[in-house]
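One structure below.
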Amino acid sequence: MHPEKTKHDFEPKIIAFVCTWCTYAGADLAGTSRMQYPSNVRVLKFPCTGRIDPVFILKAFQQGADGVLVSGCHPGDCHYIAGNFHARRRFAAFRKLLEFIGVDLNRLQFSWVSAAEGGKWVEVVTDLTEKVRAMGPMVEFKELALEEQWSGAIDTPELKEAYDAI
Amino acid sequence: MSRIGVFICHCGENISRTVDVERVAAEIGKLSGVAFATDYKYMCSDPGQNLLKKAIQEQKLTHVVVAACSPRMHEKTFRKAVEAAGLNPFLCEMANIREHCSWVHENREEATVKAIDIVSMMVERVKKNRILPGITVPVTKRSLVIGGGIAGIQAALDIADCGHEVILVEREPSIGGHMAQLSETFPTLDCSQCIMTPKMVDVANHPKIKLYTYSEIELVEGYIGNFQVTIKKKARSVDEDKCTGCGVCMTKCPQKKIPNKFDQNIGMRTAIYVPFPQAVPNTPVIDRDNCTWFKTGKCGVCKKVCGPGAVDFEQQDTLVVEAVGAIVVATGFDLYSIDEKPKGSPIKGYGEFGHGKIPDVIDGMTFERLASASGPTGGKILRPSDGKEPKQIVFIQCVGSRAREKGISYCSKVCCMYTAKHTMLYHHKVHDGQAYVFFMDARTPGKSYDEFWRRSIEEEEAVYIRGMVSRLYQKGDKIVVMGSDIAVGVQVEIETDMVVLATAVQPQKGADLLAQKLGISYDKYNFYSEAHAKLRPVECATAGIYLAGACQGPKDIPETVSQASAAAAKVMTLFSKDKLEREPIVARVREAGCVGCFACKKVCAYGAVEEKEIRDRQGNLIKVVAYVNPGVCAGCGTCQATCPSKCVELDGYTDEQIIAMIEAL
């Protein structure tokens, strides 16, 4: 996509949406165990993955995130009985939509990390960071943001023609 | 304009070793809205907290961000400190720069940049934090116990002994449940009635226990601390206040050949009856289906002989409404039968065992009644078919249990032990008899349990055969048992006088219907589900409802009693305060925008979403909107992410707050 930018000096911005009971606690465990992982990730805490609105993922990409991670309790372990199942179903549909609008799905990762899996958290974060680093910066949404600033004026002949045809 | 105070903690050297805290404080101080930013060695220490309190007052801070360890560690500490300084505790947030930053990164520059990001994210978030008043829910200090078996009795007595009123509801005419039916109990072989009946009398005499027997739960409304329960008192046809329990009516009743369910239908009772002589309450019930008066309009002998005039043929079912704060569900178990099951049922019967049509093939509970001194045979082991003493008896374990092909894959837990007990009771009563047991494994974990099982083999001469039985059939007055002995590797055929099946423990019939009334969850077998298999084993996911006994899964008596006392302790915890306080992280509906699609109601695992009618002053219905009951809401926020019109908001995790955080990056 942008081969000239896939250099190792590119520092991707990764935003992680995690639930407080499993993955946030798992990330805490990685800290208390003094494990090391790339510093690119910024964590946002939610009570449950069920609270995570797909809009947040779009917003993150729009704000310049190069990769997004969503992580919660393993299926069946949800602190709120079934929130992660709702999340799973929601994101399965949302991925299709993202693919349709042209986002490389490798930038969006879903995983289950329990409160005991500090090591898995490190693995997931490191993998995603390296994967995204290799892919280069995400530009699609930034370009889209520029397009959004379009004034609304009908100033090209094509647009005029289309407008008159309505 | 907000005046935010930001406090960066060194955590000794834990944070400052890799994060340049002074630089973080300087950078954060430049953000709009930040009035004060400083760093300190130990924020959580007393001087650190005092620094925070002093700054709030002196700098007139409106919001606080503490950048230190994980909020899972000290969020409560700092929120308390903030509250002490006069701010709402929910205007304080923590930025995790230790577990999520200084401890996991070595590069000082990278870690500092990340710490600045984390703190500025929280600064932007805290700007959008709202004052959240604490939620208090009033608690009605009365509790309902459903089921009058040993679990319900124990829970009711424990709660009542603490001085709180208990409503005990039992479906049958007497409390006592299955334990009252047992002859003797393992592993001590003490008589079940001897330990059970005093507890039943305690219940009847307890000033704090209100007993509704022959009654069922009709409707449950409300939520934790505030349930309204409608109880249907079925017509007893006998006035409980007038009846003295003399029993003359029962001796005079001409209908004497009605199978008694309490005696597993091998004993007989009259149409006006108490299920067993020690019944509590000792007030008879007229079985209207079998009573001559109700069938033909003639007879009325009981009414004529009743001195106090307690018999009342006109009595109707009545509904009683009780207000309670907590509910203990203790509906217990039922036994699987080998009878043919309806077509399409996931649970199958045992055609190879004759579908229950061979009279001398009985289940464990029937054997208990035969062995019981107060049972239909006066404690003699006699065959139901001809009343002869069986000289050979075969016990078959795991009938229905651990049998996936029959639809039940779990272990019923108590059968190994009660079969060992049965072989002993049999040997004690039929000295020249021989007992055989077909078994898969003997599962005997429990105090003195394995010793008890060994005793049945070593001292009471029961022959244990490891293997299953493939077929049972009647041959003359004998029953042929065809099985295998896998230890020796041969087929076994035993001609025996009687067969006892250790049939699976199942939830009570209608357990699913009761669960639907209560709004609690149950598994595919209809056992009720606990909130957490390990850490919350007696609570339901629905707040204010607790579980005790075999309704949650197969259990023996000691376990049931422990769980019942545990459930009572949970109820007492709830009742220890006049008002239930809880974190105000709950969902709220913006009624103006709600279109009443109730997508939120569908995803709510707690049943916290209710339908609320909006009416104008004339009382005309304008629309129906969703309403989240703050007493029930657990605060997961699934409803908010689901709401198509974005009209539910989870306090503390609003869209505004999350978007502010994302935009800060």
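In what follows, chains are A, B, ... by sequence order, proteins preceding strands, each numbered from 1. Given the structure is predicted, the values throughout are model-derived calculations rather than measurements.
Ranked by heavy-atom pairs shorter than 4.5 Å toward chain A, the options G635(B), A541(B), C69(B), C604(B) are led by G635(B). Among the candidates A60(A), C19(A), A82(A), A25(A), the residue making the largest number of heavy-atom pairs closer than 4.5 Å to chain B is A25(A). Counting heavy-atom pairs under 4.5 Å between each of G83(A), S33(A), A87(A), S39(A) and chain B puts S39(A) at the top.
Residue Y80(A) comes nearest to A605(B) through the heavy atom pair O-CB, 4.0 Å, listed as atom of the first residue, atom of the second, then distance. Taking each heavy atom of A641(B) and G50(A) in turn, the nearest pair found is CB-O, 3.2 Å. Looking at every heavy atom in both residues, F46(A) comes nearest to Y653(B) through CA-CE2, 4.0 Å. Residues G31(A) and V104(B) approach most closely at CA-CG1, 3.7 Å, considering heavy atoms. Of all heavy-atom pairs between Y24(A) and P71(B), the closest is OH-CD, 3.2 Å. A pairwise comparison of heavy atoms in C48(A) and C636(B) identifies CB-O, 3.6 Å as the closest pair.
Heavy atoms closer than 4.5 Å to chain B are found in the backbone of P38(A), but not in its side chain. Contacts of L650(B) with chain A are made by side-chain atoms alone, with heavy-atom separations under 4.5 Å and no backbone atom involved. Looking at S529(B), neither its backbone nor its side chain comes within 4.5 Å of chain A, counting heavy atoms on both sides. Only the side chain of M121(B) comes within contact range of chain A, judged by heavy atoms closer than 4.5 Å. Within the 4.5 angstrom heavy-atom criterion, no atom of N107(B) approaches chain A. When heavy atoms are compared at a cutoff of 4.5 Å, K13(A) approaches chain B solely by way of its side chain, counted from C-beta outward.
Taking a 6.0 Å sphere around NZ of K570(B), one finds it holds 12 or fewer heavy atoms contributed by other residues, nucleotides or ligands. Atom NZ of K76(B) is surrounded by 12 or fewer heavy atoms from other residues, nucleotides or ligands within 6.0 Å. Heavy-atom contacts from other residues, nucleotides or ligands closer than 6.0 Å to CZ of R108(B) number more than 12. Within a 6.0 Å sphere centred on CD of E106(B), other residues, nucleotides and ligands contribute 12 heavy atoms or fewer. Dense packing is recorded around CZ of R582(B), with more than 12 heavy atoms of other residues, nucleotides or ligands lying under 6.0 Å away.
Note that CD1 of I14(A) and CG of L665(B) are 12.0 Å apart. Values are rounded to the nearest 0.5 Å. The CG atom of L29(A) sits 10.0 Å away from atom CD of E99(B), with the distance rounded to the nearest 0.5 Å.
In this structure, the side chains of F85(A) and T638(B) stay at 4.5 Å or more apart for every pair of heavy atoms. Looking at heavy atoms from C-beta onward, V41(A) lies out of side-chain contact with H100(B) at the 4.5 angstrom threshold. Two residues are said to be in side-chain contact when any heavy atoms from C-beta on lie closer than 4.5 Å; H86(A) and T642(B) fail this criterion. No side-chain heavy atom of I658(B) sits less than 4.5 Å from a side-chain heavy atom of I52(A).
Side chains of T20(A) and R72(B): no donor on one and acceptor on the other come within 3.5 Å.
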For this session: May I have the step-by-step check of side-chain contact (heavy atoms from CB on, under 4.5 Å) for K646(B) and D53(A), ending in yes or no?
Result: CA-CA 10 Å; K646(B) 295 282 157 255; D53(A) 196 318; 2.9 Å; yes
Problem set entry | Residue pair R51(A), D655(B): steps toward the salt bridge (Lys or Arg N to Asp or Glu O under 4.0 Å) verdict | CA-CA 10 Å; R51(A) 167 68 188 91; D655(B) 280 351; 2.7 Å; yes
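Of the possible polar contacts, none joining the R42(A) side chain to the D117(B) backbone as a donor-acceptor pair under 3.5 Å is found.
Using cut-offs of 30° and 60° on the angle between ring planes, the pair Y37(A) and H105(B) is perpendicular.
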